[in-house]
Each structure stands twice: as structure tokens, then as C-alpha cells.
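The block underneath contains the structure these notes are about, expressed in C-alpha cells.
Only heavy atoms go into these numbers, but all of them, side chains included; no hydrogens, no water, no symmetry mates. Bear in mind the structure is a predicted one, so any value in this text is a computation, not a measurement.
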Amino acid sequence: MNEVNTNGKLEGDVYYPSQEVIEKSYTKDYDSMYKRSIEEPEKFWDEMAREYYWSKPWDKVLDDSNPPFFKWFVGGKTNIVSNAIDRHLTTYRKNKLALIWESEAGDEVRTFSYYALNREVTRFANILKGMGVKKGDIVTIYMPRIPELQFAMLACAKIGAAHSVVYGGFSVESLAERIEDARSKVLITADGGFMRGKIVNLKQIANEAIARQGTIEHVVVVKRTGHDVHMEQGRDYWYHDLLGMPIINQPCETEQMDAEDLLYVLYTSGTTGKPKGVIHTHGGYMVFISATYKYIFDINDEDRYWCAADPGWVTGHSYIVYGPLIQGATSFMYEGAPNFPYPNRWWKMIEKYGITVLYAAPTAIRGLMRFGDAWPNRHDLSSLRLLGSVGEPINPEAWKWYYEVIGRSKCPIVDTWWQTETGGIMISALPTTPLKPGSATRPFFGIQADVYDLDGKPTAPGEEGLLVVTKPWPGLMRGILHDPERYKQQYFGKFTTAYEAGDAARKDKDGYFWVIGRLDDVIKVSGYRLGTAEIESALVSHPAVSEAAAIGLPHDVKGHAIHVYVVLKEGFSETETLGEELKKHVDHEIGPIARPEKIEIMSSLPKTRSGKIMRRLLRARALGQPEGDKSTLEE
Ligand code: WTA
């Protein structure tokens, strides 16, 4: 079992790191390094940034003259690809594996050294250039979990274009509105992807999405499934055909960018119907994610690292693609579902590839835990040295299973709290941090997090409040695409000098953070972030629905599941098949991740006198809890 609490200072259920972990860690003394990073943040980030290649050094570390619009490494020039690929090519890492990929069927393994990765990215970059993609353009990428997804992202960055990756589990309307908002002229997709042995028809979804908006001129299609798809002449090109063009193998310069130039847009759900395009840059984002990656995972050359998230979400951007590559790590990527064809799939691959670090979502852990210990126990998991968790709070029961059964009570668990907007990990244990199951523990270097009450005062230890960050950090988003005001209002509107995350949390006597969950209308379903407004607008786009309300209710595996209440239009009445039809409609518009668990037909929805749906009341009723203050309820 875990090491004994020898100095007995921390309160609660505490797990201490072993001497071996401490000896091998970059961080021997969190407290003094944290103190230094907070006392002189600019000096700290300046030092961190010096680890990377810059074609021109910065003049100023932080420009905070116009809060909350902060700029980092002002005047500096680099490209995240110069650091993720180019700089490794002149070192021993040139022939080191960057990526190992396994197909869902298990019949294909593809590996890429840094040298090979550079070749693939260069070819893809030349294709994009040939299509007229220029610095500042936003290319939309809608792909299954295959290596070409990474090549496409890196190719965009290399030529100075930004990418907007749309998760391959999203469907027609989600894709269409993201393409539209980004004004993308080029879309990169695949014929399809494999998930649980079935084909996800990405190209057909893409065709429908393109028909709903008017910006796409060219589509690059990677062949993955090989099933028949409609290719629009003059618009759609097979990737393998383009690879046959002679110019493709020419060298391609990595465009040097200003530190503050756009690297990518990633759409995420908020409180309003339209998802917002969160913006990240080449300079500050790069420094922040690579520093967090290095110290939180204690990454070094011997590691085989596996982040089991999807590259289409921020975890994938920061800790599948960019962070690991900048640190020169070897990553593993798996195409399909965790329990395909059997519940030992993950454990089998950990054994097969000698994975040392596994970074996964609590929902996946809970899902696999359900099948019992026998599945992991069949495999030799002794290569693992560190486990990570991300996306939602991890319940102590799942934490302990992960720790004892998967980590054999030897691997620390870094429970990492962060958001699309924060760019990288904000609150997390380091491998040397004493752990408390369910707590993300303490802020990363340079991060000043706190819990505020509604008046902006720090709460007392143990008291619940709003999670805030009181000082800027290099990974903070630079805004919302086309909507600077929304950035300011939503994140700095309440406390002007502090970033408000939208999460409820408390801090205990030891300064450990316990994140409770979202305070707004965002639902975390299996770790995926969805807005109630998106689900509701998908429902009302169905001819039978006049009004809809979506709420999240606790679910054993998913964390939260979506429950919806709908009011039908006149002339429509409840039939046996209507519920199923509405679920399918949500699948088709947003994607299977948004499929409601339960649909209830109502004659009316509870609303405030000003017409706002009272989701809080629906939730309380569904959970059989007290209904609270109903004074604003319309009669
Ligand atoms: C939640 C995912 C508790 C939180 C990286 C946050 C977490 C939202 C944790 C952001 C964690 C993420 N413990 N809650 N370790 N990690 N969250 O943008 O509610 O998809 O606000 O970023 O996930 O979700 P997003």
C-alpha cells in the first residue's frame, strides 16, 4: 500500500510519493519553486521560455497594459513547429520515435520518428500551400483518430495558418457552424473513421455540413475506411492523389511567427447557443503547455507516453500533439474505443508498448472499472510509473481503483484541472506531491488560483465558492474569435482583476483545491463539454418541438448524462417513436455524444417571469431535492 504519512502534517486521506519517484523527479521542492514563480512571475516565465527555439528573442515577457488582454513574449518570433519538430532534427532525437499508432482492429501499427514526422508534415504543408492557404487563414480539420490528424494540425502551424479542429464525434450542424464561424476555405477530413468496429461516415457528414454554409472551396480527404463516398468534382481531392504531385516533396520553410500570432481556434461550449472559438497563440501557449507537460508528467527520453483523449479536444491539442512533441517525447495513439473488442484493450496495449505514463479521463476509468479487476490483472502493467486524470472531478472510488489496480499502488496520480480557455494544466499534483483522492491538489508554478465568494473575497478553508485565477499566465486564451467583448464579459466580468473559470470549488486547510463542477449551463458528459443551449437549439430545429430544456444529471460512468424536457408544437402529440426520433435528430445535428439519456414531453416548462427557463428547478425536481427559491417562477 501507500507510503506511511511520516510527518503527519496534511489532513485527510493522504498518499505520499515513494523515494524512487522523488529521486527521479524534476521537482524536488515544489514549495520553494512555486514561491519563486509567484514572487517574480516574469522572471520565472522568461527562464522557462529560454528552453525553446526563438528566431528572435522577446523584448518584454508580459504586456499587461490593457487587461484582460494580456500579451506574452512581446516582440519574440518563433513557430511552435520549430520547437515541436525542427529543433529535434539536428539532435539524436531525429531517429527517435515521435508517434506509435495502433488501429482499432489491431491489424495496423504505424510508427513515425521525428524525421518521418517532419517528412509527412512537410508534404501536408506543401499541399496546403498549393491550395492557396496563407498565414492567418483558418483551416478546419474534421478527422478520425489517425496520424494524419496530427500531420494536418502541424502542417497548418508550420505555414502560419491556424487550425480549427472539430472533434470527429460531432455531426452536421456542429461542424457547419464551426466552419462558418472560422470562415474556413479549406476542410481536411477523411472518408470515415472506425469506432467500435463500425464506420463513422465523416465525409457524408462533411458534405451535408458544407451544403449548409458557403465558405469551403477545397476539401482534402484522407482515405481511412475505403467505403464509397461522394467526392465533389473540383472541390474534393484525395490526399493520396495529392501526395503524388512532384512539388509535394520539396522542402518547406517553417514560417516564423510573432509570439502573439494565432496558432489555433478551438470551439468550446458556453452558456449561449453558439460555441465560442477560443484562441491560442504560438508563443505563450507553447511555453505554458511544454512547461506544464515537462514538470507534471516528469517527462524524459525513456518515456512512452499515452494520452488517451481525442486530439480534437484541448487535451489532445496540448498533451497529445504539441506538449509531447516539444519535449521530444514518444507518444502512443490508439484509434478506437477503450473496450473494443474486449475490456482489456487498454491494458493489453500498455503491456504491448511498455507505456510509462497514462493520461485519461475519469469516465474512461469508471467505464473500465465496471468490468472488474480480472481484465487488467491479466496484463503486466509494470511499465507504468505515472497516471493522469483530466476532464472532470475524479471520484475517490475510481481514484483508488486507478491507483491500486492499474498503478499497483506505486504510481502517483496527477489529477489535472484546467480548461480549453486556460490552454494548459492549472492545478495539479506533480509526481512528488502528497495526494488526496479527489483533489487536484495545488496550482502549477506561476499560477495564482483561489476560491472567491460572490463579493470577490477569498472563502474560508473548506468553504465552497468560485474558482478564480488572480494573475495572468502565458497559456491563457487570447480571446474569443470575432468577439473580444465576450471574452472580457464572460471571464473577467464578475471580478475584473481575476479570471473566473465557471467552476465551483473549495480549498482545504492545506491549500489543496477540490473542484466540484460547473456553475453554468455547461454539462460534462463523459468528459466532453457540451452546452445546454446547443442541445436545446438542436431539439427545437426538429419540426415537432416548440421548446426544450436540457439539464445534466449524475450518471455512474458518464459523470453527467443529458436529460431533456420538450414542449411539442400544436398539432403534434407524443407517439411511441417520437422520443427515439428526437434522440436521432440530436445525433445527426450535434453528434452521438450529445444524445439525450432521457426525453420527457411536458405541457410547459418552468420559467422565470422574464421568460428564462428554470433549469435549476428541473434539476431539483428530477433529483427529488428541495426546489429552493421559487419567487421568480411565473405562475
Ligand atoms: C472540468 C478540459 C475537476 C471543469 C481540460 C472545467 C475538471 C472543464 C478537471 C473544462 C479536473 C477539467 N477536476 N474538473 N481535473 N479537469 N474539469 O474545456 O469543470 O473541455 O471547467 O477542458 O472541465 O473542460 P474543457
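- Evaluation of the salt bridge (Lys or Arg N to Asp or Glu O under 4.0 Å) rule for E580 yields R595 as partners, not counting sequence neighbours.
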Residue pair F124, L128: steps toward the side-chain contact (heavy atoms from CB on, under 4.5 Å) verdict: CA-CA 6 Å; F124 219 133; L128 295 176; 4.3 Å; yes
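- Under the 4.0 Å criterion applied to side-chain N and carboxylate O atoms, E500 and K494 are assigned as salt-bridge partners.
- Counting only residues at least two apart or on different chains, the ring-ring contact (aromatic ring centres under 6.0 Å, His included) pairs with a member in residues 542-595 are H542-H585.
- Using a distance-only test at 3.5 Å, with no hydrogens or angles considered, a donor-acceptor pair links the side chain of Q419 to the main chain of A501.
- Side-chain contact check for Y285 and Y322: no donor-acceptor pair (N or O, by modelled atom type) lies under 3.5 Å.
- For the side chain to side chain contact (heavy atoms under 4.5 Å, CB included) test with P606, the passing option among R621, E634, R615 is R621; the others fail.
- Every residue two or more places apart in sequence or in another chain that forms a ring-ring contact (aromatic ring centres under 6.0 Å, His included) with W306 is listed here: F332, W346.
- Under the rule for a side chain to side chain donor-acceptor pair (under 3.5 Å), H482 has no partner lying at least two apart in sequence or in another chain.
- Enclosure of atom CD in E397 is not indicated, since only 12 or fewer non-hydrogen atoms of other residues, nucleotides or ligands lie within 6.0 angstrom.
- A side-chain donor-acceptor contact under 3.5 Å links D191 to the backbone of R224.
- Side chain of R616 to backbone of E627: a donor-acceptor contact under 3.5 angstrom is found.
- Taking the side chain to side chain contact (heavy atoms under 4.5 Å, CB included) definition, one finds that D556 meets it with nothing, sequence neighbours left out.
- Residues C307 and T315 have side chains in contact (heavy-atom distance under 4.5 Å, counting atoms from C-beta outward).
- Remark: the E421 side chain and the Y491 side chain contain an N/O donor-acceptor pair separated by less than 3.5 Å.
- For R345 (side chain) and F340 (main-chain N/O), a donor-acceptor pair under 3.5 Å exists by modelled atom type.
- The environment of K569 atom NZ is dense: over 12 non-hydrogen atoms of other residues, nucleotides or ligands sit within 6.0 angstrom.
- Considering every non-hydrogen atom in both L539 and V545, the closest pair reads O-CB, 3.3 Å.
- Residue-environment remark: NZ (K223) exceeds the threshold of 12 foreign heavy atoms within 6.0 Å.
- Between the T363 side chain and the S526 main chain, no donor and acceptor come within less than 3.5 Å of each other.
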side-chain contact (heavy atoms from CB on, under 4.5 Å) between V469 and T422, intermediate numbers included: CA-CA 10 Å; V469 186; T422 68; 5.9 Å; no
Derivation of the salt bridge (charged side-chain N to carboxylate O under 4.0 Å, His left out) call for E534 and R529: CA-CA 11 Å; E534 277 167 276; R529 179 167 163 178; over 6 Å; no
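- Two rings, from F170 and W313, have their centers less than 6.0 Å apart.
- In the model, T420 has no side-chain atom that pairs as donor or acceptor with a side-chain atom of Y267 under 3.5 Å.
- Judged by distance alone, the side chain of N207 and the main-chain N or O of H230 form a donor-acceptor pair under 3.5 Å.
- Every salt bridge (Lys or Arg N to Asp or Glu O under 4.0 Å) that K598 has, sequence neighbours left out, goes to E600.
- Partners of T140 according to the side chain to side chain donor-acceptor pair (under 3.5 Å) rule, which considers only residues two or more places apart in sequence or in another chain, are S184.
- Within the structure, salt bridge (charged side-chain N to carboxylate O under 4.0 Å, His left out) contacts touching residues 130-144 (residues at least two apart or in different chains) are K135-D261.
- Applying the side chain to side chain donor-acceptor pair (under 3.5 Å) test to D629 and every residue at least two apart in sequence or in another chain returns S631.
- Using a 4.5 Å cut-off on side-chain heavy atoms (C-beta onward), I188 and M143 make contact.
- Proximity of Y499 to P68: side-chain heavy atoms (C-beta onward) are nowhere separated by under 4.5 Å.
- At least one side-chain heavy atom of K203 sits less than 4.5 Å from a side-chain heavy atom of M231.
- No side-chain donor-acceptor contact under 3.5 Å links H163 to the backbone of I138.
- Note on residues 602-630: no pairs pass ring-ring contact (aromatic ring centres under 6.0 Å, His included), not counting sequence neighbours.
- T416 places a side-chain N or O within 3.5 Å of a backbone atom of S389 that can act as its donor or acceptor partner.
- In this model, no donor atom of one side chain and acceptor atom of the other lie less than 3.5 Å apart for R178 and Y142.
- For T496, the side chain to side chain contact (heavy atoms under 4.5 Å, CB included) criterion is met by no residue, not counting sequence neighbours.
- A 4.5 Å side-chain heavy-atom check between F69 and K488 finds at least one atom pair inside the cut-off.
- Contacts of R183 classified as side chain to side chain donor-acceptor pair (under 3.5 Å), with partners at least two apart in sequence or in another chain: none.
- Smallest separation of non-hydrogen atoms from H218 and G234: ND1-O, 4.3 Å.
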